[in-house]
There are 2 protein chains.
Amino acid sequence: MYRIGELAALYDIKADTLRFYEKHGLLSPSSRSDSGYRLYNQDDSERLKFILRAKAVGFSLNDIADLLSIEVDKSNRACAEVKGLVDTKLEQVEAKLAELQHFATSLKSLSNTCCGGPDSAEHCSILEALESSDQHIIAKKEQHHFSHSGHKD
Amino acid sequence: MYRIGELAALYDIKADTLRFYEKHGLLSPSSRSDSGYRLYNQDDSERLKFILRAKAVGFSLNDIADLLSIEVDKSNRACAEVKGLVDTKLEQVEAKLAELQHFATSLKSLSNTCCGGPDSAEHCSILEALESSDQHIIAKKEQHHFSHSGHKD
DNA sequence: ATAAACCTTGGAGTTTAATCCAAGGTCAAG
DNA sequence: CTTGACCTTGGATTAAACTCCAAGGTTTAT
Ligand SMILES: [Zn+2]
Ligand SMILES: [Zn+2]
Ligand SMILES: [Zn+2]
Ligand SMILES: [Zn+2]
């Protein structure tokens, strides 16, 4: 059993955040002490881990609440429905994954166009790309800024 | 040349959002009409595309402003420094990518544990996982909820 | 038995990223 | 030459997700 401060410390968040999650129906402590202190058990802790991981990958608390609260109506829902909800989230994750991969590729080629040398960035191809039409340069792979006239690479 | 409403329509955002980005130093129109209307050119449009893509993958506007505004001090910075900043962002993207992949894997095995059938989700393994220690079930791949006693799969 | 370090509640304040509003100026069409 | 769709500014409001505060109760350690 963890008190609120202990659980918060365990995940490096604030106790306030846990109270906030409780108020918004994401995570309630499974019990309270005689004096009213919140007491979280291992299941609560695992649930928090799930919430934080979902949050870390860009789900809103509302998204997460949807996902976690399917169970309220449990007996009136079919497995198909539940699985559908998870699969919808999965599709969203995969879409985000694709975007992120695209962006990583852009950044990688942006990085590749630059010599990374110690001289002035006056004619740095990264800056040239960011100032105006990045797509132009980002689209060309392995360019290694040949156009760089300000200094030798 | 696009007026504010045109550019906004092009990217399916509000004109207000463009004014907001301008106020926060992310994107200024390259010119104004005689009457003071904002006029955006193709470079502005490409820059907006970059901003929106960065935003879509989870960068805050501050992150994006950092990335876009390296150029202010251009001549006093070395290529190494500029490249370093891009590489730092790239590392962040790759970290996020890894988290997202982890999460997708979790969701996939969560989905796999469920039969997806038309019967009551009373004993649905997805719900069982979400109610308590998800990690337990999420860790086991290809489980296909054998423990499902509520109905046949 | 009295600090120090925790916890309780309710409510206010903060940040981010818009989004809306009011009062007015501009422009093309009929 | 007026109507309607657009634009301008500054300022207010929203929503999400915290974060902080005040006034007080509890626990633990000396
Ligand atoms: Zn260089
Ligand atoms: Zn460079
Ligand atoms: Zn089933
Ligand atoms: Zn199921």
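Each chain gets a letter, A, B and so on, in the order the sequences are listed, and its residues count up from 1.
Listed candidates were C:dT9, D:dT9, D:dC18. Nearest to the side chain of A:Thr17 is D:dC18. Set against C:dC7, D:dT19, D:dC7, the side chain of B:Arg3 has D:dC7 as its closest nucleotide. Closest to the side chain of B:Asn62, out of C:dT16, C:dA18, D:dT19, is C:dT16. Among the nucleotides D:dA17, D:dT8, C:dC20, the one closest to the side chain of A:Leu61 is D:dA17.
Atoms CD (B:Glu6) and P (D:dC7) sit 7 Å apart, rounded to a whole Å. Here C:dG10 presents its C1' atom at 12 Å from CG of A:Asp16, a figure rounded to the nearest Å. Rounding to whole angstrom units, CZ of residue B:Phe20 and C1' of C:dT15 are separated by 10 Å. Here the P atom of nucleotide C:dT26 and the CG atom of B:Leu39 are 15 Å apart, to the nearest Å. Atom CE in B:Met1 sits roughly 15 Å away from atom P in D:dC7 (whole-Å rounding). The distance from atom OH of B:Tyr40 to atom P of D:dT8 is 7 Å, rounded to the nearest whole Å. Here C:dT9 presents its P atom at 11 Å from OH of A:Tyr37, a figure rounded to the nearest Å. Summarising the geometry, the separation between CD1 on B:Ile4 and C1' on D:dA5 is reported as 15 Å, rounded to the nearest angstrom.
Applying the 4.0 Å criterion to OP1 and OP2 of D:dC18, one finds that A:Lys14 has every side-chain N and O outside that range. An OP1 or OP2 oxygen of D:dT27 is reached within less than 4.0 angstrom by a side-chain nitrogen or oxygen of A:Ser35. An OP1 or OP2 oxygen of D:dC18 is reached within less than 4.0 angstrom by a side-chain nitrogen or oxygen of A:Tyr21. Contact annotation: B:Lys55 does not reach the phosphate of C:dT16 (side-chain N/O to OP1 or OP2, under 4.0 Å). For D:dT9, one of the phosphate oxygens OP1 or OP2 lies less than 4.0 angstrom from a side-chain nitrogen or oxygen of B:Arg32. OP1 or OP2 of D:dT9 has at least one side-chain nitrogen or oxygen of B:Arg38 nearer than 4.0 Å.
The closest donor-acceptor contact from the side chain of A:Ser30 to the backbone of A:Tyr40 lies at 3.5 Å or more, if one exists at all.
A continuous path of Ile, Leu, Val, Met, Phe, Trp and Tyr side chains, each step under 4.5 Å between heavy atoms, connects B:Phe50 with B:Phe20, placing both in one hydrophobic cluster. Under a hydrophobic clustering in which Ile, Leu, Val, Met, Phe, Trp and Tyr are joined whenever their side-chain heavy atoms come within less than 4.5 Å, directly or via other members, B:Leu97 and B:Phe103 fall into the same cluster.
Between A:Glu128 and A:His123 there is a side-chain heavy-atom pair separated by less than 4.5 Å.
Within the 4.0 angstrom heavy-atom criterion, only backbone atoms of the sugar-phosphate kind lie near A:Ser60; the bases stay farther away.
Rounding to the nearest 0.5 angstrom, the gap separating the CZ atom in B:Arg38 from the CE atom in B:Met1 is 14.5 Å. Atom OH of B:Tyr37 sits about 11.5 Å away from atom CD1 of B:Ile4, to the nearest 0.5 Å.
Mapped onto DNA chain D by nearest heavy atom, A:Ser33 and A:His24 fall at different nucleotides, with A:His24 at the one closer to the 5' end. When each of B:Phe59 and B:Arg19 is assigned the nucleotide of DNA chain C with its nearest heavy atom, B:Phe59 is the one assigned upstream, toward the 5' end.
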